[in-house]
Number of protein chains: 2
Amino acid sequence: MKDVALEAGVALGTVSKVINGLPVGESYRLRVEAAIQKLDYHVNSYAQGLKASKTYTVALLIPNTSNPFFAKLVHHINTSLMKRNYRMLLCTTDYDSRMEQEYLTITKQNKVDGIIGLTYNPELHPDETIPFVSIDRPMGAHIPCVASDNFAGGQMAAAKLADLGCKNVAFLRVGSSLDSEPNKRKAGFENGCLIKGLSFSEKILQDDDPLSEFEVFLREHLFDGKLEFDGLFCVTDYIAYEIIKILRKMNLRVPEDVQVIGFDGIRAFGDGDYFCSTIVQPIMDIAEMCVELLLQEHMSTKPPLVCLPVSYAYGGTTKEEGGIAKERK
Amino acid sequence: MKDVALEAGVALGTVSKVINGLPVGESYRLRVEAAIQKLDYHVNSYAQGLKASKTYTVALLIPNTSNPFFAKLVHHINTSLMKRNYRMLLCTTDYDSRMEQEYLTITKQNKVDGIIGLTYNPELHPDETIPFVSIDRPMGAHIPCVASDNFAGGQMAAAKLADLGCKNVAFLRVGSSLDSEPNKRKAGFENGCLIKGLSFSEKILQDDDPLSEFEVFLREHLFDGKLEFDGLFCVTDYIAYEIIKILRKMNLRVPEDVQVIGFDGIRAFGDGDYFCSTIVQPIMDIAEMCVELLLQEHMSTKPPLVCLPVSYAYGGTTKEEGGIAKERK
DNA sequence: TTGTATGCGTTATCAT
DNA sequence: ATGATAACGCATACAA
């Protein structure tokens, strides 16, 4: 910058004003801009950050980017940030509480302007001095939590199965013991079953149980090669995918014998086919809402919990209504 | 820091030394550390970066994180960087040349220590002053390029199809006109076919052709419901996936009538099943190599091109050798 | 061994 | 409107 001032024959202050678009004599501005071009000058955002303690950087804490749900979330959050001229520091925690904590320290050092976190450490207590938005997990009064409307999603799954002719359904999940919004999927499903008068069972696995426990469960409900359930609601598309493999192995046809609905709206290769009929999370809206909430410092009142509407998508593992398959949007 | 010095009753220089692990009187060190604890002090990496012009930050330029291949790459690069105490600035370009260029500007301002880029803009010429490592695309003499051994992968696919009984095979790709390493897949496949004495065809689509063109091509080679080819090598798993859908629609059985091999080693849900039999790219090794190359400033000679070995994985769309399916590793 | 002073690149305040 | 100067937080060379 000093060099630019020298080259243009003006003072530093003038250069600074030109850069920041402050009013300055036209002839001076042109000279400075020419010098900037000539010297290929770029402002040093570290010096800016030091001076203004504003870095236009947001940290995203997330377990990984391999999981397609997380991957899409990262993508949309990145896009939302970019639109607002913010950059993203990606922090993958691998579900490790220690790493989540460690990254919180790093963000303190790196003076990010805010943090978006999809975390699992119940002991994690982010600094109150830095804006934080949580995804899926309520973290306290002063931290907004953004999630899908999981309860409505559960209800929707129940209603759908009922409408498609199911009489006897079951809910399958592998259970995080942690208090988190997705837990409401079960409550919503129960409620939906009640409304529709569906007979309802459930099997909940612990985090470290093998998925084959589901097969044991299903075989317990198999009589004469016929499954007691004609509809299954799985807590995620991934579980649904594994369940479908198990069902096929048990010589049960999907959706003819058993209809399956998952949750998330994951697609093959990111934007290909759904793996199963599913309750689709509005990932883009979640991303946008997180960024919005994080950066709107002066929002009079930060809502403690924002639930975004989900939708149903046909993915081949339910019977089609009126014989018309809904196309992927 | 000033506060810490005050709290501990020492000078700033002493605090700095304690932080950086430089020798200092034991009693002083304890006092300073206590003060740091008490005040919850964290170094300001922006001030550090300003002083040392070293930021421990690396930028990753990549089209998106939705594509599973990119997603895994991001994940492993992030892990590799983390191991070395570096942070990652994620820059998703959406295949947009303008954005790639724009991000290059941002990285200049942000004074990152290096850039890893998987880019598509042939006009992109990164600054020579900042370390740059390219993935899959050669970008000039002073920029190392890391890729899978695409040629060997092509050969491997041909050899595999031959060993599994194919006589008449075809190569299917949608063609980037850009000079990039994955283009060698075709050359390797041709070479492999030659070695094994396979009859060889190919269909190359332009970037904006619809995938349905492949169906047209295949139907042109369909006689009496029987396809002329008994083996297909697709340039990516995604193409393979779409091709398999087309084949099924044409009432051809995979792998009984036609065997299909893809490229990349993509799995459902990140670490589930392969979508097809495939040539697996060593994504973790690629990530590690990129980071290694980028940070080893004093590597006597930066190699212009590093090719990492690929492997074959059975994914259900080829016949199994000796009746034994290879499990996913 | 410890403390002090200077500069890194910017921005903002203040005289000019 | 423009130019000089201080301060942001840290590291370091140098003096004590």
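Looking at every heavy atom in both residues, I116(B) comes nearest to C290(B) through CD1-CB, 3.9 Å.
Taking the side chain of V24(A) as heavy atoms from C-beta on, and the options dT2(C), dC10(D), dT2(D), the nearest nucleotide is dT2(D). The side chain of V10(A) sits closest to dG3(D) out of dG9(C), dG3(D), dT11(C).
As rounded to whole Å, 17 Å separates atom P of dG9(D) from atom NZ of K54(A). Distance L22(B) CG to dT2(C) P: 12 Å, rounded to the nearest Å. Taking atom NZ of residue K17(B) and atom P of nucleotide dC14(D), one finds them 13 Å apart after rounding to whole Å. dT10(C) atom P lies 10 Å from atom CD1 of I36(A), rounded to whole Å. When rounded to the nearest whole Å, the span between CG of N20(B) and C1' of dG9(D) equals 13 Å. Whole-Å rounding puts the E26(B) CD to dT2(C) C1' distance at 15 Å. Taking atom CG of residue N44(B) and atom C1' of nucleotide dG9(C), one finds them 14 Å apart after rounding to whole Å. Taking atom CG on L6(A) and atom P on dG3(D), their separation rounds to 13 Å, with Å as the unit.
Stem analysis of DNA chain C (Watson-Crick or G-U pairs, both distances under 3.5 Å, runs of at least three) returns C:3-16 with D:1-14.
One finds no salt bridge joining E123(B) and R98(B) here, because no Lys/Arg side-chain nitrogen approaches an Asp/Glu carboxylate oxygen to under 4.0 Å. A salt bridge does not link R137(A) with D179(A): every distance from a Lys NZ or Arg NE/NH1/NH2 to an Asp or Glu carboxylate oxygen is 4.0 Å or more. A salt bridge links E7(B) with K38(B): at least one charged nitrogen is closer than 4.0 Å to a carboxylate oxygen.
Within the nucleic acid shown, M1(B) comes within 4.0 Å of sugar-phosphate atoms alone, with no base atom in reach, counting heavy atoms only. Y46(A) comes within contact range of no nucleotide atom at all, as no heavy-atom separation falls under 4.0 Å.
In this structure, R84(A) forms no cation-pi arrangement with Y86(A), as its terminal cationic atom is not both closer than 6.0 Å to the ring centre and no more than 45° off the ring axis.
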N/O-N/O pairs, protein side and nucleotides 4-8 of chain C side, under 3.5 Å:
residue: dG7(C); atom: N2; partner: K51(B); partner atom: NZ; Å: 2.9
residue: dG7(C); atom: N3; partner: K51(B); partner atom: NZ; Å: 3.4

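The closest side-chain donor-acceptor pair between E288(A) and S80(A) falls under 3.5 angstrom.
Using a 4.5 Å heavy-atom cutoff, the side chains of L12(B) and V15(B) are not in contact. By the 4.5 Å heavy-atom criterion applied to side chains, L308(B) and D149(B) are not counted as neighbours.
Put simply, Q48(A) has no side-chain N or O that comes within less than 4.0 Å of OP1 or OP2 on dG9(C). For S16(B), a side-chain nitrogen or oxygen approaches OP1 or OP2 of dA11(D) to under 4.0 Å.
For the side-chain contact (heavy atoms from CB on, under 4.5 Å) test, residues two or more places apart in sequence or in another chain that qualify with I106(A) are Y103(A), N110(A), R87(B).
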